[in-house]
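Working notes, structure below.
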Amino acid sequence: MKRIFHTIFVSVVILLLSSCGRPIPIEDLTIALILGVDIDEENNLVISESSPVFSEDAPKNIATYEVKAKTIRESRELFNVRATGDVTAAKIQVFLIGKRVLEQDNWFSMLDTVYRNPTFSINTRVIVVDGPVADVIFYEPDNKPPLPLHLKGLIDKYTMRTTDVIITFQELHRQMYEKGLTAFIPELIKDNDLRLNGLTLLDGDGKYVDSLSINESLLLLVLKGEQKHELTLTFPVTSVEEDGGIFNLNEISIAFSNINTKVKSSYKDDKFSFDFNIKMRGSIAERLFVTGSMKEDELKKMLEKELKSQFEDLINKIQENKIDPTGLGLYARAYHYEQFKKVEDNWGEALAEANINVSVEVEIKSPGAVK
């Protein structure tokens, strides 16, 4: 009985307190939807934010501010003296971080306020900008939705098509502190327009080491077993004449709809070994050369050889950089715990010395609607 009374009392108090907050009109708020962090030529920390304007009289529906501050928290006060309403970070959709920031030591500690402040959204998308963040956050495309919606839609759309991945503050925190893998973040570039540029790779200390192209990012997702949707890859068939002028008549595109990746690990002679067994089933989505130029068995072997070569090139790149975006350290810890504990603080170097093998099996289940 006492326990029931206590539960009812606590529930009533929570309900009463939930309505005690002072209502704030939305016109009195500056709701930041994008937060950007960069370093200028003089190594000053430059922080910017973009927020919607709720006024029919305003000439623009987006307001963007940029300040120099020592910390993200300090920048909020500097934004407050410029913005119409109180700045709130609870609805930030996209966090832009310049590549120059990631090249510095201890940059991750700058995000302390993000994880300490419960009003910060930990589901915010994190994107690396290859170039000045200002070029992105002050960009006003005429034929696109407002920038916050455009950026969020861009990253979400590409995730649905599995050409990129969503890294939130929450996921980034996990990757930075997980010893069995190294972090990676989607990369954005601004030239004539905004476009995703692949993945930024970080080392065990969280510093920038390299980037992956869109195609390499796709292959990484296959190695990680995270390719859940259809994946289309285009290959040149070297045995077919490409003499078609400006048209590449030796190209073929395969839409892989069923991909199964299995990893086996072992430890022998003070060295880890990993075997990727990748089975890919798909259909011919495009073939620019005439039927009969290559038999089905030859095509299958050619695709397996080409894919194996591309996977091995990616693995070589990972091992040369002494990083592990594939998460092989998770297998090492799960199946060879004692050996992994000895090298967990330098897992990237241990993986660089590991034997990593890839076998690819391709099955063409359909030639498409026409032969």
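For the atom pair Lys224 NZ and Phe184 CZ, the distance stands at 4.0 Å (nearest 0.5 Å). To the nearest 0.5 Å, the span separating CD1 on Ile97 from CG on Leu172 amounts to 8.0 Å. With rounding to the nearest 0.5 Å, the separation of CD in Glu298 from CG in Leu303 is 12.0 Å. In this structure, Ile166 CD1 and Thr124 OG1 are separated by 11.5 Å, a value rounded to the nearest 0.5 Å. Considering CG of Leu328 and CG of Leu223, their distance stands at 8.0 Å, rounded to 0.5 Å. Interatomic distance, CH2 of Trp107 versus NZ of Lys207, reported as 12.0 Å (0.5 Å rounding).
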### Task
Please step through side chain to side chain contact (heavy atoms under 4.5 Å, CB included) for the pair Thr232 and Ile254, ending with a clear verdict.
CA-CA 6 Å; Thr232 300; Ile254 308 296; over 6 Å; no
### Task
Output, in order, the C-alpha distance, side-chain angles, deciding distance and verdict of salt bridge (charged side-chain N to carboxylate O under 4.0 Å, His left out) for Glu103 and Lys99.
CA-CA 7 Å; Glu103 294 171 345; Lys99 188 177 287 185; over 6 Å; no
#### Entry: Residues Lys308, Ser359; criterion side chain to side chain contact (heavy atoms under 4.5 Å, CB included); working and verdict
CA-CA 7 Å; Lys308 178 178 169 64; Ser359 64; 5.8 Å; no
### Task
Could you walk me through whether Val222 and Phe311 pass the side chain to side chain contact (heavy atoms under 4.5 Å, CB included) test, one step at a time?
CA-CA 9 Å; Val222 174; Phe311 282 121; 3.6 Å; yes
### Message
If you apply the rule side chain to side chain contact (heavy atoms under 4.5 Å, CB included), what do you find for Thr200 with Leu102, and how did you get there?
### Response
CA-CA 10 Å; Thr200 287; Leu102 302 183; 4.0 Å; yes
### salt bridge (charged side-chain N to carboxylate O under 4.0 Å, His left out) between Glu178 and Arg333, intermediate numbers included
CA-CA 11 Å; Glu178 170 58 65; Arg333 183 172 59 197; 2.9 Å; yes
### Task
Check the pair Ser211, Glu187 against side-chain hydrogen bond (donor to acceptor under 3.5 Å, both in side chains), reporting the backbone distance first and the verdict last.
CA-CA 8 Å; Ser211 296; Glu187 188 174 298; 2.8 Å; yes
### Query
Can Asp156 and Arg125 be said to form a salt bridge (charged side-chain N to carboxylate O under 4.0 Å, His left out), step by step?
CA-CA 9 Å; Asp156 289 357; Arg125 278 82 171 148; 3.1 Å; yes
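Heavy-atom minimum distance, Gly198 versus Ile214: N-CD1, 3.5 Å.
A heavy-atom distance below 4.5 Å is not found between the side chains of Phe138 and Leu147. Between Leu231 and Ile259 the shortest side-chain heavy-atom distance falls below 4.5 Å. Under the 4.5 Å side-chain criterion, counting only non-hydrogen atoms from C-beta, Phe108 is in contact with Tyr177. In this structure the side chain of Lys317 never reaches within 4.5 angstrom of the side chain of Ile323, judged on heavy atoms. Leu233 has its side chain within reach of Asn215: a pair of non-hydrogen atoms, C-beta onward, lies under 4.5 Å apart. When side chains are defined from C-beta on, Val94 counts as touching Leu96, because their heavy atoms get closer than 4.5 Å. Looking at Asn258 and Met280, their side chains never come closer than 4.5 Å, going by heavy atoms from C-beta outward. Between Val126 and Thr168, the closest side-chain pair of non-hydrogen atoms is not below 4.5 Å.
Open room surrounds NZ on Lys268; 12 or fewer heavy atoms of other groups in view lie less than 6.0 Å from it. Within a 6.0 Å sphere centred on CG of Asn106, other residues, nucleotides and ligands contribute 12 heavy atoms or fewer. With a 6.0 Å radius and a threshold of 12 heavy atoms from other residues, nucleotides or ligands, Tyr139 has its OH atom above the threshold. The local environment of NZ in Lys91 is sparse, with at most 12 non-hydrogen atoms from other residues, nucleotides or ligands closer than 6.0 Å.
Side chain of Asn117 to backbone of Thr113: no donor-acceptor contact under 3.5 angstrom is found. Although no hydrogens or angles enter the test, the distance criterion places no donor-acceptor pair under 3.5 Å between the side chain of Glu77 and the main chain of Glu74. When atom types are taken as modelled, the side chain of Ser273 and the backbone of Ser266 share no donor-acceptor pair closer than 3.5 angstrom. Put simply, the side chain of Glu363 never gets that close to the backbone of Gly282: no donor and acceptor are under 3.5 Å apart. With Gln319 contributing its side chain and Ala354 its backbone, the two residues share a donor-acceptor pair below 3.5 Å. Using modelled atom types, one side-chain atom of Asp38 and one backbone atom of Val133 make a donor-acceptor pair closer than 3.5 Å. A donor-acceptor pair is defined here as one N or O able to donate and one able to accept, closer than 3.5 Å; no such pair exists between the side chain of Ser309 and the backbone of Lys305.
Between Glu304 and Lys301 there is no salt bridge, since no side-chain N of the basic residue sits under 4.0 Å from a carboxylate O of the acidic one. Look at Lys68 and Asp40 and you find a salt bridge, because one of the NZ, NE, NH1 or NH2 atoms lies within 4.0 Å of a carboxylate O, short of that distance.
The closest side-chain donor-acceptor pair between Glu66 and Ser48, if any, does not fall under 3.5 angstrom. Side-chain atoms of Asp203 and Tyr208 include no donor-acceptor pair closer than 3.5 Å.
Cluster annotation: Phe272 and Tyr331 are assigned to the same hydrophobic cluster (Ile/Leu/Val/Met/Phe/Trp/Tyr, side-chain heavy-atom contacts under 4.5 Å, transitive). Linking ILVMFWY side-chain heavy atoms closer than 4.5 Å, directly or via other members, places Leu314 and Leu181 in two distinct hydrophobic clusters. Neither Ile72 nor Val46 shares a network with the other; the hydrophobic side chains, linked directly or stepwise wherever heavy atoms of I, L, V, M, F, W or Y lie under 4.5 Å apart, form separate groups for each. Note on Tyr115: it clusters hydrophobically with Ile185, by side-chain heavy-atom contacts below 4.5 Å among ILVMFWY residues. Note on Ile167: it clusters hydrophobically with Met176, by side-chain heavy-atom contacts below 4.5 Å among ILVMFWY residues.
A centroid separation of 6.0 Å or more is found between the aromatic rings of Phe169 and His173.
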